Amino acid sequence: MDLESTLDREFRSEISRDPLASAPKEEASQDAKLPKKKAWTIEDSEQLYRIPGWGEPYFGINSAGHVTVSPKGDRGGSLDLYELVEAIKERNIGLPLLLRFSDILEDRIARLNACFAKAIARYKYNNTYRGVFPVKCNQDRHLVEDLVKFGQPHKFGLEAGSKPELLIALASLNTTEALIICNGYKDREYIETAMLAQRLGKTPIVVIEQLEEVDLLIAASQKLEIKPVVGVRVKLSSKGMGRWAGSTGDRAKFGLSVPEIIEVVNRLKKADLLASLQLLHYHIGSQISSISAIKDAIREASQVYVELASLGANMNYLDVGGGLGVDYDGSKTNFPASKNYNMQNYANDIVAEVKEVCDGREMTTPILISESGRAVASHQSVLVFDVLGASEILNGNAPEISEGDYLILRNLKETYETIKKENYQEMYNDAIQFKEEAISLFNLGYLSISDRAKAEQLYWACFRKIREILRGSDYVPEELEDLERIMASIYYINLSVFQSAPDSWAIEQLFPIMPIHRLDEEPTERAILADLTCDSDGKIDRFIDLRDVKPFLELHPLKLGSKGKDGGDRESYYLGMFLAGAYQEIMGNLHNLFGDTNVVHIQLTPSGYKIERLIKGDTMTEVLKYVRYDSKDLIESIRRQTEQALQEKRISIKESQMLLQNYEGSLSGYTYLQD
Ligand SMILES: *Cc1c(COP(=O)(O)O)cnc(C)c1O
């Protein structure tokens, strides 16, 4: 399918909403809960993990029950993600692994530009769209280089929010006519550098965000004898929604109030630079989930735009900032993890609104700019990580209890045996009460530790029996709604949330997470994920759902590997985290000194794929260097200590060599666990 017809589908979906989204919540969650009546199908997995909702057109499930990646969207070519990971592992590259699909990046840029092109044609808008990528979203050199390359046909530019990002943008962007939008706090050096870049044939636009910057700009212009292209960032009173609502309004950190903008106009006029003022910029926050917020903002900004023109500014660009959302949970709603519009709706509303206001004032329409970061960069990377083990709620049979056992244990056993559909609610409360009594008796020294163990086993056995009844029934009493969460297993993952999904920890952002194989098998476990760090916040216990958030993720039981139970090995179980290509990489931190993961760039070829680039993750030597340890010094310290221990005959020569070898080997190794 070509991009045009893909976009037609985006258009149509304005009318035909996601069938999953319109299903009432009860039905959807029950489907996931249905007891094993019929065999589990791939469609069941699709519905459970909502992959059509958030994954189309890039991610799906094939008949082998593996996740597939179609890096060119629905324009053909698809890879089996599980097989891809296995093939990469054969090259001795371990998990966790960040897979980058540059074709997806290309498709996102093409799609964004096509949506604006389509809207421009539809509304007979008499100017163009010229987007920029906000570098702060993902500054990775390879990604920025790819962006510049794929953006060339669309004259796609870059946005810098700081001096270092300006340096990246100036050096990387060589597309003629592509814009370099210069945002963020600026000093003299920033402004002069941006202006001088004009002499290199670039098109920098210096956006004034603070009143003082206008004086720096006027001084630089006079000193360099360069007429810059200048923008102003307005604080709109239209609010964004959700987390970033504070990005606009009177108390916003950035931008100028309307009186301040008038002051900028006056100062520029006095310096004979009013003709330089050509751009109006606003940014009402990221991940705007509601189309009405987008409409309100563009309406207000369009009025400011035409007013600036009437004050004598040479207005030519309207920059709508970021905010174009990503549907992380696939619900197509205005829930924070979603958005109730698609990319085409977004482009349509911006184009239509600006045209209407400009036509009303008989003004030429501006070149439209968006600074879409999240919507461009999120889909291109997939993080694959393995599960190291699981801790399940006590799973054994209810222990034998005899006449000679304590009354409390006999009561618990009787409760367990009496649980049935008609009385489970009452029995649930009994089980809780008896268990609490058992703990009190233990604390007072009456129950032995093995009696206490029996009590706890019986208690969980009661809960398991009640859970079975609930899973088979269509009514769950309110007080038992939490039972699945309480009984969820813990799956230990080979990952640091702080390094690879910091927003999941910091701002409770949801990312779709699911197994990348065994999807033709029913996931009978319910689990939360615990990461490698020794921080109790290093966990993921909120997952996407049709509406709101699920406190557990359905996963498959871990299988024993070829060595069997006593060998202690398990068959690998891989999970994927999707749509995390924006912001996570740069905001990730070295908590517990887990470093960058391995990164592999995959490119589609006519015969399959090729590994375009491999960037090995941080070694321990590298992360230790960030905290100013020198690995030579560390080795020397251990060497000295082993020498001492040898002399005092506390260690054998063989042991000392083994210790040193392990120590040195670790230093040059991956910070994550290896199999
Ligand atoms: C962060 C930011 C963006 C990017 O926003 P997204 O929602 O990721 O598209 C754009 N412009 C400015 C000024 C920003 O601060």
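Values below: every heavy atom of this structure, side chains too, minus hydrogens, waters and symmetry copies. Atoms within a ligand are numbered from 1 in the order they appear, just like the ligands themselves. The structure presented is a predicted model; accordingly, all values stated were derived computationally and were not measured.
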Worksheet entry | Test: E177 and R130 ion pair at under 4.0 Å | yes
Worksheet item: With atoms numbered from 1 as shown, which atoms in ligand 1 lie under 4.0 angstrom from a non-hydrogen atom of R233?
Response: 13 (C)
Worksheet item: In terms of atom number and element, which parts of ligand 1 are under 4.0 angstrom from non-hydrogen atoms of G323?
Response: 5 (O), 6 (P), 7 (O), 9 (O)
Fill in: Protein contact to atom 9 (O) of ligand 1 [nearest heavy atom, distance to 0.1 Å]
G373 N, 2.7 Å
Worksheet item: To the nearest 0.1 Å, how far is atom 11 (N) of ligand 1 from its closest protein heavy atom, and which atom is that?
Response: E371 OE1, 2.5 Å
Worksheet item: Less than 4.0 Å between a side-chain N and a carboxylate O, is that true for E145 and K149?
Response: no
Worksheet item: Ion pair present between K163 and E189, side-chain N to carboxylate O less than 4.0 angstrom?
Response: yes
Worksheet, complete the sentence: Looking only at protein heavy atoms, what sits closest to atom 8 (O) of ligand 1 is Y583 OH, 2.6 Å
Worksheet item: Can a non-hydrogen atom of A375 be found less than 4.0 Å from any atom of ligand 1?
Response: no
Practice prompt. Hey, can you tell me if F116 and Y346 have their rings parallel, tilted or perpendicular (30° and 60° cut-offs)?
Written response: perpendicular
Discussion item. If the threshold is 4.0 Å, N to carboxylate O, is there a salt bridge linking D319 and R233?
Written reply: no
Practice prompt. Run the numbers for me: atoms of ligand 1, each under 4.0 Å from some heavy atom of H281, listed by number.
Written response: 13 (C)
Worksheet item: Is the closest basic N to carboxylate O distance between R100 and E585 below 4.0 Å?
Response: yes
Fill in: Close-contact set for ligand 1 against S372 heavy atoms, below 4.0 Å
9 (O)
Item to complete: Indicate yes or no: does E106 engage R111 in a salt bridge with an N to O separation below 4.0 Å.
Response: no
Item to complete: Could you label the plane-to-plane angle of the Y129 and F156 rings as parallel, tilted or perpendicular, counting under 30° as parallel and over 60° as perpendicular?
Response: tilted
Practice prompt. Mark the output for F254 as yes if a heavy-atom distance to ligand 1 is under 4.0 Å, and as no if none is.
Written response: no
Worksheet, complete the sentence: A student checking ligand 1 against P134 at a 4.0 Å heavy-atom cut-off should list atoms 4 (C)
Worksheet item: Out of K136, R374, E159, E209, who gets a non-hydrogen atom closest to atom 2 (C) of ligand 1?
Response: K136
Discussion item. Give me the residue, atom name and distance of the protein heavy atom closest to atom 7 (O) of ligand 1.
Written reply: S286 OG, 2.5 Å
Item to complete: Report yes if G285 has an N/O atom closer than 3.5 Å to an N/O atom of ligand 1; otherwise report no.
Response: no
Discussion item. Salt bridge or not between D327 and K339? Use side-chain N to carboxylate O under 4.0 Å.
Written reply: no
